[in-house]
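Both backbone and side-chain heavy atoms feed into the values below; hydrogens, waters and symmetry mates do not. Below, read A as the first sequence line, B as the second, and so on, with proteins coming before strands; counting in each chain starts at 1.
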2 protein chains.
Amino acid sequence: MPRDLAALAVAAATLLGPAHASSDEGMWTFDAFPADKVQHAYGFAPTPAWLDHVRLSSARLALGCSGSFVSEQGLVMTNHHCAHPCVEQLSTAGKDLVKTGFLARTAADEPRCPDLEVDQLVSISDVTARVRGATKGLEGQAYQRALRGESARIEKDCQKSDALRCDVVALYQGGLYHLYAYRRFQDVRLVFAPELAIAFFGGDPDNFMFPRYDLDVAFLRVYEGGKPARMKDWFRWSAAGAEAGDLTFVTGHPGGTDRSLTAAQLRYQRDVALPDRLLKLAETRGLVTGFQLLGEEQKRISIEYLFYVENSYKALRGRLEALQDPVFFQSKVAAEDALRAEIAKDPERVARALPAFAAIEAAQKRLQEVHKELGALEHGGAGDLFSIARTLLRAAEERPKPNELRLREYRDSNLTALAQNVLSEAPIHPEFERLLLDHALTKLREELGPDHPAVRRVLGKSSPADVAARAVDGSRLRDVAVRRRLWEGGTAAVDASNDPMIAFARTIDPDARAIRRTYEDEIDSVVKKAQETIAEARFAVQGRTTYPDATFTLRLSYGRVKGWKEGTREVPPFTTFAGAFERDTGKDPFALPPSWHAAKDRLDLGTRFNFVTTNDIIGGNSGSPVVNASAEIVGLVFDGNIHSLGGEYGFDEAVNRAVAVHLSSLVEALEKIYGATRLVEELRPAPAKPAKQAKGAKAAKAAKGPRR
Amino acid sequence: MPRDLAALAVAAATLLGPAHASSDEGMWTFDAFPADKVQHAYGFAPTPAWLDHVRLSSARLALGCSGSFVSEQGLVMTNHHCAHPCVEQLSTAGKDLVKTGFLARTAADEPRCPDLEVDQLVSISDVTARVRGATKGLEGQAYQRALRGESARIEKDCQKSDALRCDVVALYQGGLYHLYAYRRFQDVRLVFAPELAIAFFGGDPDNFMFPRYDLDVAFLRVYEGGKPARMKDWFRWSAAGAEAGDLTFVTGHPGGTDRSLTAAQLRYQRDVALPDRLLKLAETRGLVTGFQLLGEEQKRISIEYLFYVENSYKALRGRLEALQDPVFFQSKVAAEDALRAEIAKDPERVARALPAFAAIEAAQKRLQEVHKELGALEHGGAGDLFSIARTLLRAAEERPKPNELRLREYRDSNLTALAQNVLSEAPIHPEFERLLLDHALTKLREELGPDHPAVRRVLGKSSPADVAARAVDGSRLRDVAVRRRLWEGGTAAVDASNDPMIAFARTIDPDARAIRRTYEDEIDSVVKKAQETIAEARFAVQGRTTYPDATFTLRLSYGRVKGWKEGTREVPPFTTFAGAFERDTGKDPFALPPSWHAAKDRLDLGTRFNFVTTNDIIGGNSGSPVVNASAEIVGLVFDGNIHSLGGEYGFDEAVNRAVAVHLSSLVEALEKIYGATRLVEELRPAPAKPAKQAKGAKAAKAAKGPRR
């Protein structure tokens, strides 16, 4: 699942907690992990110390992925597709690291990634009472403002320096509010990345599929004060990797799930939101594919974007198909009916909670009325330059306001991340920027019609192509120094700027802000408040027996190595190197790279390459380590199978699988194909040091079959 | 609505008759036109002679449009977008008639259109009893075969020569079967076409919108024996054109509506069929837009295809939005419930008709299971060369079979049309063919997965691009003589061919035929039979009080010139030339052509340009004349407004409008901009000849307001 940002963007505002967790289902928070359930099923119960160690060894990539700390010297393992932005940004027309791969032979050869940030979750605390106190009795805009204001104050109180990131997170759709504090690493460097051809072997056709043959790995290193950061907690590597039936844990940051949406929200997703978003992605995909016909350079500068589009498309298509299944959809309706029936037993709760369902339904109708304007004006996806210009413009307007009155992304606790984004050294390609902006403007005109006032304001008597060319070609925002002056110069500097992209952003912004305000005041705040009400009723009825919907916060899932039955066909849990050579056609995306052909004779072709587990994961878990009961790495999650896409709305243990790179293939490839001696030495497990929980681990190993 | 084929393709198999016709609603057949309703509403009742004259003056373009005969010498008026394939095919890299327009100064200058066929409906007869006799008591495949066999025999009995075309048409979803016989003109020549810039001013952004400023007209001429055909019936031009409130008739060939689908079918359309088809169109649209970045020549050879894609996209999007409207959707469900309740009053009918609803619902579930294979293997849209190769291959296999056992498009009565298609002189562009075939194969792999047996058979160890290049580059099918040898040589010639595109078609065809057979046996025949059963029950309950769903057969609708209310805003019914000059930006698609700027001073800028009426039309009506009660032309339908797109499923007189070119603008432009003297003289109404129904017409003119 290349680029998990898509998952984040889509899962959006309406997250919370599913009805019933059974079997291996669940993306559990570390403060409420069901150790007894795991004990019951697998004979191993993680201790608080084990959980702390696993939590502190887990990494979050701020752009939307997961990872793990794998050495004392700040080495981080993640997916190639999570590090791809860095690999692409470090490439040039003459030196395409995406194609050739990269290995830093010495520490001095580790180049800095322009955009990556790595975070480590250092504490979780409950701030529900403080938030409830601030929002008590409020509705609509007032509720939203109070919620934001208190969240911003809590985050500000927590965030003592740039090295810390503090987020107030709504769990269980507002049933609980927790404060997550992260140690933040903003100096991240590239250590190793294989060739794209093997990192993403099978490309889009094999994406979300299994059997699979991908070395989707990259190693990064976090630095502090110009030196590798020293880590107290990090994962050791298992000696052998995973066997069929083994108990497996996946720690990581699932981006978002929608398992607690009401039936009205699911209908809106199925009938409006998903089709609309997919249509945009489909057209963009065609457009960029066509753009790549122009030549190798056009292909190079747009390939990362195309990955993002194709991956999002396939993921959302899978979600749509899950909702198109009448049996599944009906099961969601039935679950809601059951909850309502439970609530209905208590007259007082009825008076509060049942109107909340109706409020959400009414908000979906309103959303259907405004979604085109919202999509075209506020969520356009009009290229990097436009995005930078708008951030500079809005930052100048928002930062002078009190923290709680700002647009949410301009709150104090997020400014460091914003600055990193705006001041990124990542290259910007005008030709591609023009394509994207032209396209966004063409779609704006199409969606709203040529006579919509906002369209007239933006286009005047010009064509989308002309407006795009003027804004892109004359802009000096490609120069990071120019951006820095505008970022640091604030309102005065931005007001004085006559940069054409800033001017363009200025033209469209009043309309974009107006429709966003409509959305926030009339839809988002209504839904949030109603969800909170339902969540409280659900807690009252069910207690905190389950896990919250994913929110790009750290979660732990448990499961085991296991294939599945596809119709009447058994899918085995492992693939091997030999399978990759069989699948090789010599043609992209099924072409093994030259390095693999060169090393073929040296390789053990029986080496396990990829495998599947029953762990409950979703987009955002990319780069998550698979660890055993000894908290040793046995694999690296990089995808889910096609059935995992329906995991957005529910988990079906019969067919839903996480797809991971097997530890054995990592070792074999690093040593025999890439000659990554320095890296292997750093990773190789220290000899004979007893694992922290050796006893429990042995017990778990013995119990291969589940005990349920 | 450029290219109405899209509408035909989509409306597909499941057509029939709507529940209740009220107001100006209705696409009436000529054998059952409700003259009394029109009399009641507008004070004018068409006589049988009037109806015969209008029918015989109406033209059908076999590719999927309407038109009218407008002189004794076989002159035909239609839309530019209906003649566009001809204009494009007559163009070359050096001479782009799409851009420059075309005017034949003399008869000798009228070039032949490679692909156009024009038909005139000469008779309608009821063959229901004969069809029912053949299918009585049969189900499933046997029913389908008997239905096809009897239809083919009826058509064969009727069709005495190539100059006649005979179609058995299912009306009211099989409630009636009629035989439509057409006089067929296969020698069609181009007389006049304006520049695309004014024919499609506003382009895709203005498509399906109003106010509008398009001169979407073309004149063709039908020839017989190398000379202009002599017509007995043809429309004269009104002296003045249409006024607000005037009674208007539209005669033409609406391609298809789905107003009688069951709730289960509508759900399938909303949740699966429309989103899927739109996603394909969206991606293709992006791809061709990107392809056009390669240069002017690539743009020229793909622009017609892009029109088709964009038009289909916008039309289907409008349909999807109609079904996404919960109020509208619920009204369809309620109408079905009411019909079921009526049926339920008669126990015998219940036993027959209610299971038919269940059968349709079950068939939709089956369709959902197979629709991806059906779409990817049988309805791929893989370019012209592939389409030709498959037709040749299948024709060789099908033609030796008894007529009724063939795939439906290979029945005797359709062979002339097929031959015209396969032997068309229309140019084929290998670069674009490769793009489309590569794309179709990429989607095939994506939709079915790389490990699907059919995908493995088709691709082997090659990439889609390689397979496409091999099939296109080595093919000699661009040569019409080669095609003719294969068409005429039959099985022996095709079997002996080693043309790589024929070979490719041979590879994919067994899988395509298999899934098509599944569709026909398990879905289509079940649905057809069930629809027929429901239609009979509906007739029994309601009588033949309404019109059948559109089926690309000749229909007459009545209405009047009238604007509508868009929210709180009144949209006036007319635009003027002045408005076009105001809207001109000089940039495509809002750039008036040089000829218009040059003529501006000579033009009466107050000339009415486009107008709207309440006539009930849909895709396929493009090119329909708007006539007054005197059967004189007052306008030329070329579009519907955005609300007309929901007309697929129901008619809302409050907002649904036909959009037409006003007669005044045709006269003004032909005379003052194009200097089309020969044409204007041929068209100019003969002086002072009394119109056939002058009395009735006067009465209608007086009654501007409806009497309801």
In Å and rounded to the nearest 0.5 Å, what is the CG to CG distance from B:L279 to A:L320? 7.5 Å
Is it the side chain or the backbone of A:E369 that comes within 4.5 Å of chain B heavy atoms, both, or neither?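 No part of it gets close to chain B.
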So, do B:E310 and A:E446 sit near enough that their side-chain heavy atoms are less than 4.5 Å apart?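 Result no, sub-4.5 Å side-chain heavy-atom pair not found.
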Heavy-atom distance under 4.5 Å to chain A: side chain of B:Q368, backbone, both or neither?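 Contact with chain A involves the side chain of B:Q368 alone.
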Toward chain A, the part of B:L323 with a non-hydrogen atom under 4.5 Å: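 Neither part, no heavy atoms under 4.5 Å.
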A:P450 to B:M209 - nearest heavy-atom pair and separation: CD-CE, 4.0 Å
Region of B:R267 that comes under 4.5 Å of a non-hydrogen atom in chain A: neither
Residue A:E321 versus chain B: region with a heavy atom under 4.5 Å: side chain
Which one, B:L294, B:L459, B:D206, B:V288, leads in non-hydrogen pairs under 4.5 Å with chain A?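 Max contact count across the listed options: B:L294.
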So B:D276 and A:R317, do their side chains get closer than 4.5 Å, heavy atoms only? yes
Yes or no on side-chain contact (heavy atoms from CB on, under 4.5 Å) for B:T442 and A:T289, after CA distance, side-chain angles and deciding distance? CA-CA 12 Å; B:T442 303; A:T289 303; over 6 Å; no
B:K587 versus chain A, heavy atoms under 4.5 Å apart: side chain, backbone, both or neither? side chain
Using a cut-off of 6.0 Å, state whether more than 12 heavy atoms not belonging to B:K365 lie near its atom NZ.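 No, not enclosed.
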For the atom pair CG (A:L293) and CG (B:D438), what is the distance rounded to the nearest 0.5 Å?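 A:L293 atom CG to B:D438 atom CG measures 8.5 Å (nearest 0.5 Å).
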Heavy-atom distances under 4.5 Å only: say whether B:D584 touches chain A with side chain, backbone, both or neither.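 Backbone of B:D584 only, per the 4.5 Å heavy-atom cut-off to chain A.
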Within the structure provided, determine whether A:R583 and B:D451 are in side-chain contact (heavy-atom separation under 4.5 Å). yes
Residue part contacting chain B, namely of A:L435, when any heavy atom lies under 4.5 Å: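 Contact with chain B: side chain only.
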Between A:K372, A:K280, A:H439, the one whose heavy-atom pairs under 4.5 Å with chain B are most numerous: A:K372
With a 4.5 angstrom heavy-atom cut-off, could you sort out which part of B:Q324 is near chain A: side chain, backbone, both or neither?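 Both backbone and side chain.
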Checking B:Y268 against chain A: side chain, backbone, both or neither under 4.5 Å from a heavy atom? neither
Does any backbone or side-chain atom of B:D204 lie under 4.5 Å from a heavy atom of chain A? Answer side chain, backbone, both or neither.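 Just its side chain gets close to chain A.
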Take B:L287 and A:L287 through the test side-chain contact (heavy atoms from CB on, under 4.5 Å) and record every step on the way to the result. CA-CA 5 Å; B:L287 183 69; A:L287 182 71; over 6 Å; no
With the side chain counted from C-beta on, respond yes when A:S463 and B:T585 share a heavy-atom pair under 4.5 Å apart, and no when they do not. no
